[in-house]
Amino acid sequence: MWRLQGLVKEFRWWSFLSFVLFSLGCVRASELTFELPDNAKQCFYEDITQGTKCTLEFQVITGGHYDVDCRLEDPDGIVLYKEMKKQYDSFTFTATRNGTYKFCFSNEFSTFTHKTVYFDFQVGDDPPLFPNENRATALTQMESSCVSIHEALKSVIDYQTHFRLREAQGRSRAEDLNSRVAYWSIGEAIILLVVSIGQVFLLKSFFSDKRTTTTRVGS
C-alpha cells in the first residue's frame with residue numbers, strides 16, 4: 001500500500017515536471033543565428049497585437065569589429081529603435097497598434113567582412129504555469145515547487161545561451177589572433193631570409209678578387 005502511494009506521488013511529480021518542460025517551449029519567441037554578408041541587409045517580420053510587451057536582443061558573434069546596424073519599425077514605418085555599429089544591445093517596447101513589425105540588421109558599411117549575428121525577439125509574457133494560478137487561494141506545495149522549477153529552468157536556458165555566445169565570440173577572436181600571428185611569423189621569416197641572402201652577397205662582393213687590367217705602351 002505504501003509502495004503504491006509512493007509510485008503515485010512519483011508519477012505526479014514527473015507529470016508536473018514534464019508539464020513545466022513543455023511550457024518552456026510554448027513561449028512565443030524568435031531566436032536565430034544567421035550570416036550577414038558584407039554590403040548586405042537582412043530584415044525580419046513579426047505580427048504583434050496592440051498592448052503586447054516585446055524585447056529585442058542581439059549580439060554580433062563573429063566578423064570585423066563585431067558591430068552591426070539595427071533598426072526596428074512599427075507597421076506605419078515609424079522608427080522605434082535605431083543604432084549604428086553596435087556590438088550588442090537590448091530594447092524593450094510595448095506595441096501601440098496591431099500589425100507587422102519589422103526589424104533589420106545591416107552590414108552595408110562593411111566592404112569585405114562577413115558577420116554572424118544572433119538575435120532573440122520575445123513577444124509577450126510567459127503564459128501562467130497553471131490556468132488557475134491567479135486564483136484567490138494559495139498554491140499547493142507541489143504547485144509552488146513547479147513554479148520555482150519553471151523559473152529556474154528559464155534562468156538556466158538564458159545563462160546557457162549567453163555562455164554559448166561568449167564561447168563562440170571568444171573562439172572567433174582566438175582564431176583571428178592565431179591567423180594574424182601566423183601571417184606575421186611567415187612575413188618575418190621571409191624578411192629574415194631576404195636580408196640574410198642580401199648580406200651574404202654583400203660580404204662576398206667585399207672579399208672577391210678584383211681583376212685589374214694593365215696596358216703596356218710601347219715606344
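Values in this document were obtained by computation on a predicted structure and should not be read as measured data. For reference, positions follow the sequence shown, starting with 1.
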Note to self: Between T52 (side chain only) and I48 (backbone N and O only), is there a donor and an acceptor less than 3.5 Å apart?
What the structure shows: no
Check: Which value, rounded to the nearest 0.5 Å, describes the distance between N39 atom CG and S106 atom OG?
Finding: 9.0 Å
Checklist line | Between CD1 on residue I186 and CD on residue E188, distance to nearest 0.5 Å | finding: 11.0 Å
Item checked: Matching residue for F58 among F44, Y88, F105 - test: ring pair (Phe, Tyr, Trp, His ring centres under 6.0 Å) -> F105
Note to self: Does either side chain, that of T100 or that of D47, offer a donor lying less than 3.5 Å from an acceptor on the other one?
What the structure shows: yes
Next item on the list: Evaluate the side-chain proximity of K115 to T62: yes if any heavy-atom separation is below 4.5 Å, no if none is.
Entry: no
Margin query: Measuring from atom OH of Y81 to atom CZ of F103, what distance do you get when rounded to the nearest 0.5 angstrom?
Written below: 12.5 Å
Checklist line | Sub-4.5 Å side-chain heavy-atom contact between R180 and D176 | finding: yes
Check: Same cluster for Y66 and M84 if Ile/Leu/Val/Met/Phe/Trp/Tyr side chains link at under 4.5 Å?
Finding: no
Check: For the residue pair Y101 and F121, is the inter-centroid distance of their aromatic rings smaller than 6.0 Å?
Finding: no
Note to self: Among residues at least two apart in sequence or on other chains, which ones pass side chain to side chain donor-acceptor pair (under 3.5 Å) with T92?
What the structure shows: T55
Next item on the list: May I ask you to decide if P37's main-chain N or O and N107's side chain share a donor-acceptor pair within less than 3.5 Å?
Entry: yes
Next item on the list: Report yes or no: is the cationic atom of R164 (NZ for Lys, CZ for Arg) under 6.0 Å from the centre of the six-membered ring of Y159, at an angle within 45° of the ring normal?
Entry: no
Item checked: Interatomic spacing from CD1 in I190 to OG in S185 - rounded to 0.5 Å -> 11.0 Å
Checklist line | Distance in Å, L80 CG paired with L56 CG, rounded so as to fall on 0.5 Å steps | finding: 10.5 Å
Margin query: Test your reading of the model: is there a side-chain donor-acceptor pair from D38 to the backbone of S110, 3.5 Å cut-off?
Written below: no
Note to self: Please determine whether a side-chain nitrogen of the Lys or Arg among E73 and R71 lies less than 4.0 Å from a carboxylate oxygen of the Asp or Glu.
What the structure shows: yes
Item checked: Steps toward side-chain hydrogen bond (donor to acceptor under 3.5 Å, both in side chains) verdict (Y118, E31) -> CA-CA 8 Å; Y118 162 85; E31 188 176 2; 2.8 Å; yes
Checklist line | Lys NZ or Arg CZ of K85 over F109 ring: under 6.0 Å, within 45° | finding: yes
Next item on the list: Using a cut-off of 6.0 Å, state whether more than 12 heavy atoms not belonging to H65 lie near its atom NE2.
Entry: no
Notebook entry, point to check: How far does OG1 of T116 sit from CD of E35, to the nearest 0.5 angstrom?
Noted result: 3.5 Å
Notebook entry, point to check: Can you find a pair of side-chain heavy atoms, one from I61 and one from T33, that are under 4.5 Å apart?
Noted result: yes
Check: Any salt bridge between D69 and K41, counting N to O under 4.0 Å?
Finding: no
Next item on the list: Report the C-alpha distance between D74 and R97 in whole Å, list the side-chain angles of each, state the deciding distance to 0.1 Å, and finish with yes or no for side-chain contact (heavy atoms from CB on, under 4.5 Å).
Entry: CA-CA 8 Å; D74 68 357; R97 61 187 70 246; 4.2 Å; yes
Next item on the list: Take C104 and C43 through the test disulfide (SG to SG under 2.5 Å) and record every step on the way to the result.
Entry: CA-CA 4 Å; C104 300; C43 294; 2.0 Å; yes
Next item on the list: For S90 and D120, run side-chain contact (heavy atoms from CB on, under 4.5 Å): C-alpha distance rounded to whole Å, both residues' side-chain angles, the deciding distance at 0.1 Å, then the answer.
Entry: CA-CA 9 Å; S90 179; D120 182 13; over 6 Å; no
Checklist line | Shared hydrophobic cluster for F201 and L193 (ILVMFWY, side-chain gaps under 4.5 Å) | finding: yes
Next item on the list: Kindly determine whether F163 and Q160 satisfy side-chain contact (heavy atoms from CB on, under 4.5 Å), including the steps that lead there.
Entry: CA-CA 5 Å; F163 281 132; Q160 285 181 340; 5.8 Å; no
Check: Just by modelled atom types, is the Q59 backbone N or O under 3.5 Å from a matching donor or acceptor in the D89 side chain?
Finding: no
Checklist line | Trace of the side-chain contact (heavy atoms from CB on, under 4.5 Å) decision for L36 with V68 | finding: CA-CA 9 Å; L36 186 62; V68 73; 3.6 Å; yes
